[in-house]
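See below for the structure under consideration.
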Protein chains: 2
Amino acid sequence: MSRFKPTIEDVARAAGVSRATASRVVNNAPGASGPLRDRVHAAVAELGYRPNEVARALASGRPRAVDVVAVTYGPGIGWLGTHPYFSRVLAGMMPVLEGAGAQLRLHSVSRDTGCGGTGDGNTGGREAAAAAIDEIAANATLGAVLADVTPDLATRFLRRCRRTVSMVPTSSAVPGMEADNVGGAYAAVHELYRLGRRRIAAIHGPEFNPCAIDRRTGYRRAVAELGLGEHSADGGFHREGGYASARTLLDQDPGIDAMFVACDLMAAGAVQAITASGRRVPQDVSVIGFDDSIAAVCTNPPLTTMRLPVEEMAAAAARLLLEGTPAAGYRQRFPVDLVVRASSGHGQ
Amino acid sequence: MSRFKPTIEDVARAAGVSRATASRVVNNAPGASGPLRDRVHAAVAELGYRPNEVARALASGRPRAVDVVAVTYGPGIGWLGTHPYFSRVLAGMMPVLEGAGAQLRLHSVSRDTGCGGTGDGNTGGREAAAAAIDEIAANATLGAVLADVTPDLATRFLRRCRRTVSMVPTSSAVPGMEADNVGGAYAAVHELYRLGRRRIAAIHGPEFNPCAIDRRTGYRRAVAELGLGEHSADGGFHREGGYASARTLLDQDPGIDAMFVACDLMAAGAVQAITASGRRVPQDVSVIGFDDSIAAVCTNPPLTTMRLPVEEMAAAAARLLLEGTPAAGYRQRFPVDLVVRASSGHGQ
DNA sequence: TCTTCGCCTGAGAGCGCTCTCAGGTCTAAC
DNA sequence: GTTAGACCTGAGAGCGCTCTCAGGCGAAGA
């Protein structure tokens, strides 16, 4: 097989037409027809021609690529490799993008170090993150989806790239897909209450994460309304944190009979910690997670959880970007529903 | 903030130099120096100039982008959103690519339907997949990593794009990162044997998956050498399949005292099925998984598993691509090591 | 002082494609 | 027969950047 890559010039020559006509046919644009179309198609087939996307992008000024920016934090490589959230975003967008002939470019920015690397240094971390965000925004083309991001970074991104949509709540003008995190957490606590639980602890995500903040708010609101005490710890949105927090919580107050855990990964850790302490889930301690990610069904018992429709949100974000520049402050809301499995139990 | 995007022309004008000089400075190329460098840098800073990657790619003929192709199969959206494998590949490559200023483009091809969509139709599935592969290969630039792929598709890809590396074993000339899947499975069975288990069943991955084939081979070899019987089922590399297979296996032969499960996700399902059957893990049935993915530590008890160094493999693949075109048939081998957790037990 | 060499620098030619615009053809209506 | 209108077609000008090449200039050697 020859390594020769035919250009549209070659196609045009082979078909005996001009470059413009060949382009029209290849792009299925109107204004060329009948015999010429056939000749061009034949030439394309014969030469094995494929348009060069890069040239096409440059010439048309609108490259067909959506940038997905995952702002990660946490130990090691960040969440990208372990937290199911990101794959769900990708999986949700992929079919939409592919259907539109758009590419998906993935970027990761570590909130702490700028680059999506393994570094843990804090020296100039914020500036590095900001610089990385600028860099990506400057080259974002069809648009960008901020998979997880802090409001300041989101605002900064929007300044360079209007065609942006955030997957997490940001207070700013950044268009976003917004799940009812507050309501979900609120509903989880109420469900636990309904099951007869009265000492409902919470394991939250990191305090700078917008989703974590909302879920915490929902928990607090519910607990306050129900006249219950507040017991909570920060589990950092990773399993290890969930384990450690559950332990701490149980040590502090052995009477805890339920836990609302702000993500399934942490909930998996919490279930392990509860079990390790000699308690049973759900008989002794009822657990409700959040996300309905793959982690929820891997635990034993499987997790009752609040389903975050990540795939749907991601698909909607992709569609929004494909359509054009979303209006500043645009919001699309998604419900967060209870999915009952075994970890919450059946009540007394 | 103005929406004006300065070009290198603007920078050159502002600095009072030619476009060529501005380009040299921006690219840190030799042949420009002293005062001019400073002037250009000043202009860049003042205008907030960012090189347009698309134009740069077209002009230089070497776009800095690596394409990651995930060939998925299975129900629904495929594995992309649920199987931890893909995120690990991404997470492993990201730091390397970012360090080299390269972008990461993600593609998914469904083995069954071509597009990475949700379809389940088989009509023309293979041809669609092949067409999608061709399309991606034609535009692959810096190179491509085949995250999971069947040998036929890999070969086809290589035909259009020499700069390719596979993450799974392919018998063809495709350069690849090769983990010792056979040895890992073999070692797992031996470990189970060492623990005193004599009825060691296996839950395999889909028979067309190269990794699954190798792991099956390792299992068979070990079982044959140890003079044990073979009991196995296909779990399709997803949790549900693991659950169903474990159930079936246990029904067929209630005396099974150990299971080698070819991926952690399936193992999570298997553990649930074993528990549901009234047996204990590891006391009654010892379980060893494969991968050491996040799923391994979410289960209860946590899984003893064979660690597949996916991140390292992915990073190595990225480095290989960055370096140039790997030789046909190039192989880099990775060990698969036992990670002992609770699901295998301590022996009698 | 003249030549040689080396180092800067800028002009200009593309990379492969899109898209506008002017010209050309053909049909139909006057 | 003439003309307006609709529809094709191709020439050519870029998109923003890279990179080659030749000219210019100063230092060093003859």
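Throughout, protein chains are lettered first and strands after them, A, B, ... in sequence-line order, and every chain is numbered starting at 1.
Here the P atom of nucleotide C:dC26 and the CG atom of A:Leu36 are 13 Å apart, to the nearest Å. Distance, A:Arg37 CZ to D:dT9 P: 9 Å, rounded to whole Å. In this structure, B:Asn27 atom CG and D:dT18 atom P are separated by 4 Å, rounded to whole Å. If you take CG of B:Asp10 and P of D:dC17, they are 9 Å apart, rounded to a whole angstrom.
Between B:Val40 and B:Val11 the shortest side-chain heavy-atom distance falls below 4.5 Å. A:Leu320 is listed as a side-chain neighbour of A:Met177, based on a closest heavy-atom distance under 4.5 Å. Between A:Val165 and A:Gln332, the closest side-chain pair of non-hydrogen atoms is not below 4.5 Å. Residues B:Glu178 and B:Met313 have side chains not in contact (no heavy-atom distance under 4.5 Å, counting atoms from C-beta outward). Annotation: side chain of B:Val25 is not in contact with side chain of B:Leu36 (no heavy-atom distance under 4.5 Å). Inter-residue side-chain proximity for A:Ile136 and A:Phe157 is flagged as met; some heavy-atom pair is nearer than 4.5 Å. Under the 4.5 Å side-chain criterion, counting only non-hydrogen atoms from C-beta, B:Val44 is not in contact with B:Pro6. No side-chain heavy atom of B:Val168 sits under 4.5 Å from any side-chain heavy atom of B:Leu146.
Near DNA chain C, defined here as any heavy-atom distance below 4.0 Å, there are no residues from residues 39-47 of chain A.
Taking only side-chain nitrogens and oxygens, A:Asn52 never comes nearer than 4.0 Å to OP1 or OP2 of C:dC15. In this structure, B:Ser23 reaches the D:dT18 phosphate: one of its side-chain N or O atoms is under 4.0 Å from OP1 or OP2. Between A:Arg56 and C:dT18, a side-chain N or O to OP1/OP2 separation shorter than 4.0 Å is present. Within the structure, every side-chain polar atom (N or O) of B:Thr21 is placed at least 4.0 Å from both OP1 and OP2 of C:dT9.
One distance of note links OG1 of A:Thr164 with CG of A:Asp67; it measures 9.0 Å at 0.5 Å rounding. Atoms CZ and NE2, on A:Arg88 and A:His83 in that order, are 10.0 Å from each other to the nearest 0.5 Å.
Between the side chain of B:Arg39 and the main chain of B:Gly16, a donor-acceptor pair closer than 3.5 Å is present. Panel note: side chain A:Arg156, backbone A:Asp134; no donor-acceptor pair is recorded below 3.5 Å.
Looking at the side chain of B:Tyr49, the nearest of the listed nucleotides D:dC17, D:dG16, C:dT9 is D:dC17. Here the nucleotide nearest the side chain of B:Ile8, chosen from D:dC17, C:dC17, C:dC19, is D:dC17. Closest to the side chain of B:Pro51, out of C:dC17, D:dC17, C:dT18, is D:dC17.
Place B:Ser60 and B:Gly16 on DNA chain C by their nearest nucleotides, and B:Gly16 ends up nearer the 5' end.
Listed by chain and number, the residues in a side-chain hydrogen bond (donor to acceptor under 3.5 Å, both in side chains) with B:Ser87 are A:Ser87 (sequence neighbours excluded).
Note on the helix from C:dT1-D:dA30 to C:dC30-D:dG1: angle between the axes of the first and last five pairs equals 50°, rounded to 10 degrees.
Residue pairs that meet the salt bridge (charged side-chain N to carboxylate O under 4.0 Å, His left out) test with at least one member in residues 10-32 of chain A, sequence neighbours left out, are A:Glu9-A:Arg19, A:Asp10-A:Arg13.
No contact: A:Val26 has no heavy atom under 4.0 Å from any strand. Counting non-hydrogen atoms under 4.0 angstrom, A:Val17 reaches the backbone sugars and phosphates but no base.
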All N/O pairs under 3.5 Å across the protein-nucleotides 11-14 of chain C interface:
{"unit_1": "C:dA13", "atom_1": "N6", "unit_2": "B:Arg19", "atom_2": "NH2", "d": "2.9"}

Would you tabulate the nitrogen or oxygen pairs shorter than 3.5 Å linking the protein to nucleotides 24-27 of chain D?
none

